[in-house]
Amino acid sequence: DQQVKQNSPSLSVQEGRISILNCDYTNSMFDYFLWYKKYPAEGPTFLISISSIKDKNEDGRFTVFLNKSAKHLSLHIVPSQPGDSAVYFCAASGGNTGKLIFGQGTTLQVKP
Amino acid sequence: SAVISQKPSRDICQRGTSLTIQCQVDSQVTMMFWYRQQPGQSLTLIATANQGSEATYESGFVIDKFPISRPNLTFSTLTVSNMSPEDSSIYLCSVEDGLSYNEQFFGPGTRLTVL
């Protein structure tokens, strides 16, 4: 039972354009959502997060949107840069357990 | 943010043997976690390791297969016992620094190949 799903395994965008990565979840008890970026041979790096009491959080080029009624979140990167090319994981947690449930990841390629 | 190192960074092992992976953090943290990322898959939580108590394992993971030690607030080990090729994965430790709710910081991972 995949509680956090990233249905697009890959995404390719042109440098300077917007990248939109999507994530769906099934567990309504999740109250915190995070995005991580992972380069090959490295551990995931925290990017941005959002609490379930908000619908938007912005940090520089990165914005996360949360639609609780649809159980959907998205990460927008604008403008996209070649250095953004990596695997992006969304993750969810709930109940202050510290446990993170990860999606399958989306490989983003930003072409110069 | 916490700086985390893991040893070894990679290893190739024979089936039936065991490997112990070390995770070292540069600051004291309460909560440490061990994850597995099988080829082409997502990160899956193996267990939560808190100092002074037994590790808490997730469904599908057992202590006999993945014994964990947490002797102090900066160090933990995960052992992959009696390995089979299905154990070939990247094993990652992570910590929650207690300052940022639910944000976890990950080590670089240990890439394990079992022949």
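Chain A is the first sequence line, chain B the second, and so forth, proteins listed ahead of strands; every chain is numbered from 1. All values below were derived from every heavy atom in this structure, side-chain atoms included, with hydrogens, water molecules and symmetry-related copies excluded.
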**OP:** Give, as side chain, backbone, both or neither, the part of A/Ala41 having an atom under 4.5 angstrom from any heavy atom of chain B.
**Re:** backbone
Original post:
Do B/Ser94 and A/Leu100 come within less than 4.5 Å of each other through their side chains, counting heavy atoms only?
Top reply: no
Subject >> Distance (rounded to the nearest 0.5 Å) between A/Ile101 CD1 and B/Leu45 CG >> reply: 7.0 Å
**OP:** Can you measure from NZ (A/Lys38) to CG (B/Leu92) and round to the nearest 0.5 angstrom?
**Re:** 6.5 Å
Original post:
Applying the 4.5 Å side-chain criterion to the ILVMFWY set and letting contacts propagate, would B/Val95 and B/Ile68 be lumped into a single cluster?
Top reply: no
Original post:
Any chain of hydrophobic side-chain contacts (each under 4.5 Å) joining A/Phe30 to A/Val64?
Top reply: yes
Subject >> Reported CD-to-OG distance for the pair B/Gln104 and A/Ser49, which is rounded to 0.5 angstrom >> reply: 12.0 Å
**OP:** State plainly whether one hydrophobic cluster holds both A/Phe62 and A/Leu108, where clusters connect Ile, Leu, Val, Met, Phe, Trp and Tyr through side-chain heavy atoms under 4.5 angstrom apart.
**Re:** yes
**OP:** Nearest 0.5 Å please: distance from the CD atom of A/Glu42 over to the CD1 atom of B/Ile90.
**Re:** 11.5 Å
Original post:
Is the ring centre of B/Phe106 less than 6.0 Å from the ring centre of A/Tyr36?
Top reply: yes
**OP:** Evaluate whether atom NZ of B/Lys65 has more than 12 neighbouring non-hydrogen atoms of other residues, nucleotides or ligands under 6.0 angstrom away.
**Re:** yes
Original post:
Any idea which heavy atoms bring B/Gln37 and A/Phe89 closest together, and the distance?
Top reply: NE2-CZ, 3.5 Å
Original post:
Does one hydrophobic cluster hold both A/Val4 and A/Phe33, with members joined at side-chain heavy-atom distances below 4.5 Å?
Top reply: yes
Original post:
Got A/Phe102 and B/Thr44 here, is their nearest side-chain heavy-atom distance under 4.5 Å?
Top reply: no
Original post:
Can you say whether B/Glu58 sits under 4.5 Å from chain A via the side chain, the backbone, both, or neither, judging by heavy atoms?
Top reply: side chain
Original post:
Under 6.0 Å from the CZ atom of B/Arg10, do we count more than 12 heavy atoms belonging to anything else shown?
Top reply: no
**OP:** Can you establish whether the number of heavy atoms outside B/Glu54 located under 6.0 Å from its atom CD is more than 12?
**Re:** no
